[in-house]
Amino acid sequence: MDVRIGLLQLVAVLALGFGFASPAEAQTRPEIEQAMKRATHFMVDKVANRGGYVWSCLPDKSRCWGEIEAYPTMIWVQPPGTATMGHLFLDAFHATGDQYYYQAAAKAAQALVVGQHRSGGWNYFIDFAGPRSAQKWYATVGRNAWRMEEFQDYSDNATFDDAGTSESMQLLLRIYLEKRDRRFRPALDKAINFVLKSQYANGGWPQRWPRDPRAPDYQTYITFNDDVAAENIKFLLMVHQTLGDPRAIPAIRRAMNVFVVTQQPAPQAGWGLQHTLDLKPAGARTYEPRALSTHTTAANLQQLMSFYRWTGDRKFIARIPEALAWLESVRLPKGQERNGRNMPTFIEIGSNRPLYVHRRGFNIVNGAYYVDYSPEKTIGHYNAFRSVNVERLWADYRKLAASTGAEVMRDSPLVSTHRVPLPRYFVTNLDAGSDLNAGGSVKNADRIIADLNAQGWWPTPLLATSNPYIGPGSKIVPPGDFSTTHVGDASDTSPYTTDKPRTGISTAAFLANMSALIRALQAHRGGERG
């Protein structure tokens, strides 16, 4: 699971991946609504498991996947999974006024309620068969996924990683506010308390909470990776604006401050993916070394500029020039960029040299990750290079620096006491996550409707697949090279893309197609009914 710059981008990502054109208006509104209803009936009646969803499955459901292969008793929380589907159904409800979509969203939300960890958050998936089944999965499928270190050991806690908890909390808030349905309020309150109780006194959040003493230490580190802090701030802001919870603003202010205190001293005035409780950059997974991170630094600078707009406090932008100077110092020389990416991902603390991650071996048994200074043959599943627009960051900073605090915070969400409704549509703004199936050909609404098959689903080439679990791999390292692949030998259960995909059912395809049809409805007069 690679890090991403910003959440709330699903259809933007999926639409690019699937190559959707602007929706055509050739179809009538009834024709569009009929196609949406048929596709949704299939997902709700034939694909859903107690209201929840995985990422993809074969038509006979003999194999199903989330980020990696799932048991038949599982649903996926990590986007684009169950909460993403719930958001899509609420979007469809708003676009059509059809109560059927609200009920579909309520079923997805209820599935999340059933699988909510007692702490109030969520794990990557929910196994309706219970903890023993989940632990067996971790010990077999998860344990042998060489590059999927989050799945190699069972932890009795909940995770902020990959926005699964964030997206689920937002769905519970959204569906509760839709009709003030009291059955969702206890789970929503648990989720709000989870965010508040898991926050450190310095304002940061760990990757997972509460601490499981058997788990790796990095689960407790202050985490910026996958926008953990930014996502929690966003959710607390939603809680403040919609419920008026008096605990939200103090927690947001503490969270904003952790961005300030974790910035490292010049001349390396950046941030790591995560930091120890004494505020130093730290390593995490074995392919995430202790280092400064260029894309995390860029994302944090954008956050600091937002915090200045919210507060008018110049402490949030005071050290931005130091960070930008550091980013400029590690920019790759002209001609050495990789696929348009101008920054190494990791920079060594002290030397300011790029660090590159590699691996050797064939599987979880005989394989290992290591770090050196060579940019050649880096691992394929975690990008060694990033694209950072330093010039744009400088321009944004200079514009803010020339403004007074009173000018920039005129519309601050922290100051207003007025209730602010949530957006009517979310799936134009959610994240495709790590789903390798997010890709396809250019389509408009006419083509999308035509491609819906007789059973009511969109046949999709499942580019993402995995080796079925066959037991642990060999300790012997034979000749060969898996250094840059997504998957190792036949014992490795990590997902990878195949050039011989089987046709199946894809949640990502459903989300992208349905969102395109919703946009087509909006192109018709009276596009919003709810």
Side-chain angles (χ1 to χ4, degrees), residues 9-48 53 55-57 59 80 84-108 174 178 423-432 435 437-463 501 503-530:
Q9 293 171 347
L10 175 65
V11 170
V13 174
L14 287 178
L16 287 173
F18 283 89
F20 289 129
S22 299
E25 294 189 48
Q27 299 287 341
T28 66
R29 185 181 183 99
E31 289 171 332
I32 295 169
E33 290 187 355
Q34 182 183 39
M36 290 172 59
K37 195 73 167 286
R38 276 211 307 130
T40 303
H41 265 298
F42 181 85
M43 295 299 284
V44 172
D45 298 339
K46 303 296 185 183
V47 177
Y53 300 84
W55 288 4
S56 61
C57 59
T84 323
M85 291 288 282
H87 283 298
L88 184 281
F89 294 141
L90 283 180
D91 287 1
F93 171 58
H94 288 161
T96 65
D98 190 334
Q99 293 291 327
Y100 175 76
Y101 294 110
Y102 175 83
Q103 296 302 325
K107 290 176 182 178
R174 191 181 179 200
E178 191 71 44
R424 298 284 286 168
Y425 298 93
F426 267 54
V427 179
T428 55
N429 291 321
L430 292 172
D431 189 352
D435 191 346
N437 285 317
S441 58
V442 173
K443 296 182 181 181
N444 57 28
D446 291 354
R447 176 67 183 277
I448 290 169
I449 293 173
D451 284 349
L452 189 66
N453 69 13
Q455 289 76 41
W457 55 281
W458 283 289
T460 304
L462 299 184
L463 301 174
T503 297
I505 300 162
S506 166
T507 299
F510 175 82
L511 290 163
N513 288 336
M514 286 287 288
S515 63
L517 293 179
I518 289 172
R519 293 196 301 275
L521 282 183
Q522 293 171 324
H524 287 266
R525 183 172 298 176
E528 186 171 307
R529 297 278 190 84

Give a yes or no answer on whether the side chain of R174 reaches the backbone of R424 with a donor-acceptor pair at less than 3.5 Å.
yes

Checking P459 now: which residues fulfil side-chain contact (heavy atoms from CB on, under 4.5 Å) with it, not counting sequence neighbours?
N453, W457, T503

Taking all non-hydrogen atoms of both residues, which atom of P59 and which atom of I505 are closest, and how far apart?
CA-CD1, 4.2 Å

Parallel under 30°, tilted from 30 to 60°, perpendicular over 60°: which one fits the rings of F510 and W458?
tilted

Going by heavy atoms in the side chains, are T40 and L88 under 4.5 Å from each other?
no

Say you draw a straight line from CE of M85 to CE of M514; how long is it, rounded to the nearest 0.5 Å?
8.0 Å

For K37, check salt bridge (Lys or Arg N to Asp or Glu O under 4.0 Å) against everything at least two apart and list the hits.
D98

Looking at every heavy atom in both L517 and A35, which two are closest together, and how far apart are they?
CD1-CB, 4.4 Å

What distance separates F426 CZ from L90 CG, expressed to the nearest 0.5 Å?
9.0 Å

Rounded to the nearest 0.5 Å, the CD atom of Q27 sits from the CD1 atom of I449 at a distance of 3.5 Å

Which atom of E31 lies closest to which atom of T28, heavy atoms considered
OE1-N, 2.9 Å

Short question: side chain of T507, backbone of W55 - any donor-acceptor pair under 3.5 Å?
yes

Mind checking the CD-CZ spacing from Q103 to F93? Nearest 0.5 Å is all I need.
9.0 Å

Rounded to the nearest 0.5 Å, the CG atom of N513 sits from the CZ atom of R447 at a distance of 10.5 Å

How far apart are the C-alpha atoms of Y425 and Q522, what are their side-chain angles, what is the distance that settles it, and do they pass the side-chain contact (heavy atoms from CB on, under 4.5 Å) test?
CA-CA 12 Å; Y425 298 93; Q522 293 171 324; 3.2 Å; yes

With rounding to the nearest 0.5 angstrom, report the CD1 to CE distance, I32 to M36.
8.5 Å

Which heavy atom of Y100 sits nearest a heavy atom of H41, and at what distance?
OH-ND1, 3.0 Å

Heavy-atom pair with the smallest gap, counting every atom of R29 and T96:
NH2-CA, 4.2 Å

One pair to check against side-chain contact (heavy atoms from CB on, under 4.5 Å): L452 and F42. What are the steps and the verdict?
CA-CA 11 Å; L452 189 66; F42 181 85; over 6 Å; no

At their closest point, which heavy atom of M43 faces which heavy atom of Y53, and how far apart are they?
O-CE2, 3.4 Å

